[in-house]
Amino acid sequence: MSEIVSKTPVRDAAKAAFPYSAPMIAGFIFLGIAYGLYMKQLGFGVLFPVFMALLIYAGSVEFIVAAALVAPFSPLNVFLICLMVSGRQIFYGISMLEKYGGHLGKKRWYLITSLVDEAFSLNYMAKIPSHINKGWYMFFVSLYLQIYWVMGAGIGNLFGAMLPFDLKGIEFAMTALFIIIFAENWLKEKSHESSLLGLGITLTSLIIVGKEQFLIPSLLGIWIMLTLSRPKLSSKLKRIE
Amino acid sequence: MTLTEQIITVGMGILGVHICRVLPFLIFPPNRPIPEYIRYLGKVLPAAMFGMLVIYCYKNVDIFSGFHGFPEFLAGLITLALHLWKKNMFLSMAVGTGLYMFLVQAVFVN
């Protein structure tokens, strides 16, 4: 059986990964459309949103850069803001060091540079069938997500103004995804300290600092608290293993 | 802004994001063992990140004005309940998002 499967590991992974990424099509394409449309309203043709979606590939950063493109030129400022907004990606990287390890070969660099919130959540939680190549499966999940996003940006810029139906509220797809991932992880984990810390610290930081600035203090708080509770949590992890 | 300045501005965005994405993998390359502390973080961080992402999605909700976040919280609860019951990601997302769109387009209209 394994011999038959191993003849087309890439194609099998591509096929298996598609249904797993599919629930994201609507959310990604329509959010992409909103972004492409926004770029159009700022006066940009299709090339800017498509290349930004392709090369930056981070929704919040793309909106920040779009606003900076119609403001006075200040590259260092843009760089620092984008760095701060992307701080959480460092935590995704640390979480994925082993899943995206050297055993994946060169394609790990695509997985690493396309590590957006949704790719992190989906690939971390993926229950990959044992006969499917894990590296290629995660590669295709990430690739499909990026294709949805880039397509959305292009469609939004070219045709967004002509859409015949109301998309208001479609952005909730992202919220739904993260609620689902949180719930799946909650059911899987033996101790809930880290989940509760993530919820609690982020909520506290949001209430104190406000929605513009709360991400960095949240990340620092999570990091500090997880470090302080290391003796307790690592003994729990050992018992579970 | 000239085209060159625009390209530099976009470049700054690309650089800012990708430094954060690539950094951990450059600091801890695969040929060297990952320190025990970082391995610990790699195990406990994801759960905290999922919690953070849920709150992050609710950052624009104002519980003190408008509809007090009622559509967001209701659609979120239904998504959660449906998922705990059926454990079908596609279904939970479709119903949750559809319900939210209906609520903000037809019920809670400004």
Side-chain angles (χ1 to χ4, degrees), chain A residues 22-23 52 55-56 58 61 65 68-69 73 75 78-79 82-83 86-87 89-95 97-98 100-102 112-113 115 117 121 124 166 168-170 172-183 185 189 194-195 197-199 202-203 206 211 218 222 226 230 233-234 237, chain B residues 1 5-6 8-25 28-31 34 37-60 72 75-76 79-80 83-84 89-90 92-94 96-97 100-105:
Chain A
M52 283 166 66
L55 298 175
I56 298 178
V61 170
V65 170
L69 284 172
F73 183 55
V78 175
F79 175 65
C82 293
L83 211 54
S86 313
Q89 316 257 350
I90 292 177
F91 286 60
Y92 299 159
I94 295 173
S95 307
L97 277 174
E98 293 184 36
Y100 288 0
I112 291 165
T113 48
L115 193 49
D117 301 311
S121 306
Y124 187 85
D166 194 349
K168 191 180 172 195
I170 188 84
F172 195 80
M174 300 295 139
T175 310
L177 173 75
F178 295 134
I179 289 174
I180 291 164
I181 298 278
F182 182 84
N185 189 65
E189 66 192 3
S194 186
S195 295
L197 276 178
L199 280 179
T202 313
L203 183 62
L206 175 63
K211 65 176 174 180
S218 304
I222 288 170
L226 286 177
R230 186 182 171 199
L233 286 183
S234 37
L237 283 173
Chain B
M1 241 187 242
E5 288 176 336
Q6 287 177 335
I8 293 172
T9 302
V10 173
M12 291 296 125
I14 299 173
L15 210 60
V17 172
H18 286 95
I19 285 177
C20 294
R21 285 185 185 146
V22 172
L23 198 64
F25 295 91
F28 305 109
N31 48 9
I34 303 169
Y37 170 60
I38 300 299
R39 279 165 52 89
Y40 162 76
L41 280 183
K43 275 182 199 146
V44 290
L45 267 179
M49 290 294 101
F50 297 141
M52 184 199 73
L53 284 168
V54 171
I55 303 291
Y56 180 77
C57 287
Y58 279 88
K59 69 180 188 298
N60 291 318
E72 285 82 3
T79 306
L80 180 65
H83 194 71
L84 293 177
M89 192 170 135
F90 199 100
S92 315
M93 280 191 70
T97 308
Y100 182 76
M101 292 177 77
F102 170 73
L103 289 175
V104 295
Q105 288 183 20

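Here is how names work: the chains are called A, B, and so on, in the same order as the sequence lines, proteins then strands, and each is numbered from 1.
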Exercise for the section: Go through A/Thr113 and B/Phe25 one step at a time and tell me if the side chain to side chain contact (heavy atoms under 4.5 Å, CB included) criterion holds. Expected result: CA-CA 10 Å; A/Thr113 48; B/Phe25 295 91; over 6 Å; no

Completion exercise
Interface check, chain B: of A/Ser194, A/Gly93, A/Gly102, most non-hydrogen pairs under 4.5 Å belong to A/Ser194

Exercise for the section: Could you have a look at A/Ala173, A/Ser234, A/Ser121 and say which one has the most heavy-atom pairs with chain B under 4.5 angstrom? Expected result: A/Ala173

Handout entry: Atom group of B/Phe28 that falls short of 4.5 Å from chain A, counting heavy atoms
Key = both

Completion exercise
Bottom line for B/Leu15: the part with an atom under 4.5 Å from chain A's heavy atoms is both

Completion exercise
Counting heavy-atom pairs under 4.5 angstrom with chain B, the leader among A/Arg230, A/Glu189, A/Met174, A/Glu98 is A/Arg230

Problem - Segment of B/Leu23 engaging chain A (4.5 angstrom heavy-atom cut-off) - result: side chain

Handout entry: Pairwise side-chain contact, B/Tyr40 with A/Leu237, heavy-atom cut-off 4.5 Å (strictly under)
Key = yes

Completion exercise
Highest number of heavy-atom pairs under 4.5 Å with chain B among A/Ser95, A/Ala22, A/Ala183 belongs to A/Ser95

Practice task
Using non-hydrogen atoms and a 4.5 Å limit, figure out which bit of B/Met1 sits close to chain A: side chain, backbone, both or neither.
Solution key: side chain

Problem - Atom pair CD (B/Glu72) and CZ (A/Phe172), whose distance is rounded to the nearest 0.5 Å - result: 7.5 Å

Problem - Heavy-atom side-chain proximity of A/Thr202 to B/Tyr56 below 4.5 angstrom - result: no

Exercise for the section: Could you look at A/Tyr124 and say if it's the side chain, the backbone, both or neither that has a heavy atom under 4.5 Å from chain B? Expected result: side chain

Completion exercise
Assert top hit (heavy-atom pairs under 4.5 Å, partner chain A, pool B/Val44, B/Ile34, B/Leu103) equals B/Val44

Problem - Minimum heavy-atom distance between B/Val104 and A/Gly169, given as atom pair plus value - result: CG2-CA, 4.0 Å

Fill in the blank from the handout: One option among B/Leu41, B/Val22, B/Leu53 has the most heavy-atom pairs under 4.5 Å with chain A, and it is B/Leu53

Problem - Heavy-atom pair count under 4.5 Å with chain B, highest-scoring of A/Ile222, A/Leu203, A/Leu206, A/Leu69 - result: A/Leu69

Handout entry: Polar side-chain atom of B/Gln105 near backbone of A/Lys168 as donor-acceptor pair, under 3.5 Å
Key = yes

Problem - Heavy-atom closest pair, residues A/Thr175 and B/Cys57 - result: OG1-CB, 3.4 Å

Problem - Pairwise side-chain contact, B/Ile55 with A/Phe182, heavy-atom cut-off 4.5 Å (strictly under) - result: no

Handout entry: Spacing of B/Met49 atom CE and A/Asp117 atom CG [to the nearest 0.5 Å]
Key = 10.0 Å

Exercise for the section: For B/Ile14 and A/Ile56, work out which heavy atoms get closest and say how close. Expected result: CG1-CG1, 3.5 Å

Problem - Heavy-atom pair of closest approach, residues A/Phe73 and B/Glu5 - result: CE1-O, 3.4 Å

Practice task
Could you tell me whether a side-chain N or O of B/Thr79 sits under 3.5 Å from a main-chain N or O of A/Ala176, the two making a donor and an acceptor?
Solution key: no

Practice task
Would you mind checking which part of B/Leu84 comes under 4.5 Å of any heavy atom in chain A, side chain (CB onward), backbone (N, CA, C, O), both or neither?
Solution key: side chain

Handout entry: Side chain / backbone / both / neither for B/Ile38 at chain A, heavy atoms under 4.5 Å
Key = both

Handout entry: Minimal non-hydrogen separation, B/Met12 against A/Phe79, with atom names
Key = SD-CB, 3.6 Å

Problem - pair B/Met89-A/Leu177: side-chain heavy atoms closer than 4.5 Å - result: yes

Handout entry: Contact winner vs chain A - B/Ser92, B/Ala94, B/Pro46, B/Gly96, heavy-atom pairs under 4.5 Å
Key = B/Pro46

Problem - Exercise: identify the closest heavy-atom pair between A/Cys82 and B/Gly13 - result: SG-CA, 3.8 Å

Practice task
Kindly check if the number of other-residue, nucleotide or ligand heavy atoms within 6.0 Å of OH (B/Tyr37) is above 12?
Solution key: yes

Practice task
Quick one: pull up CG in A/Leu197 and CE in B/Met52 and give me the separation to the nearest 0.5 Å.
Solution key: 13.5 Å

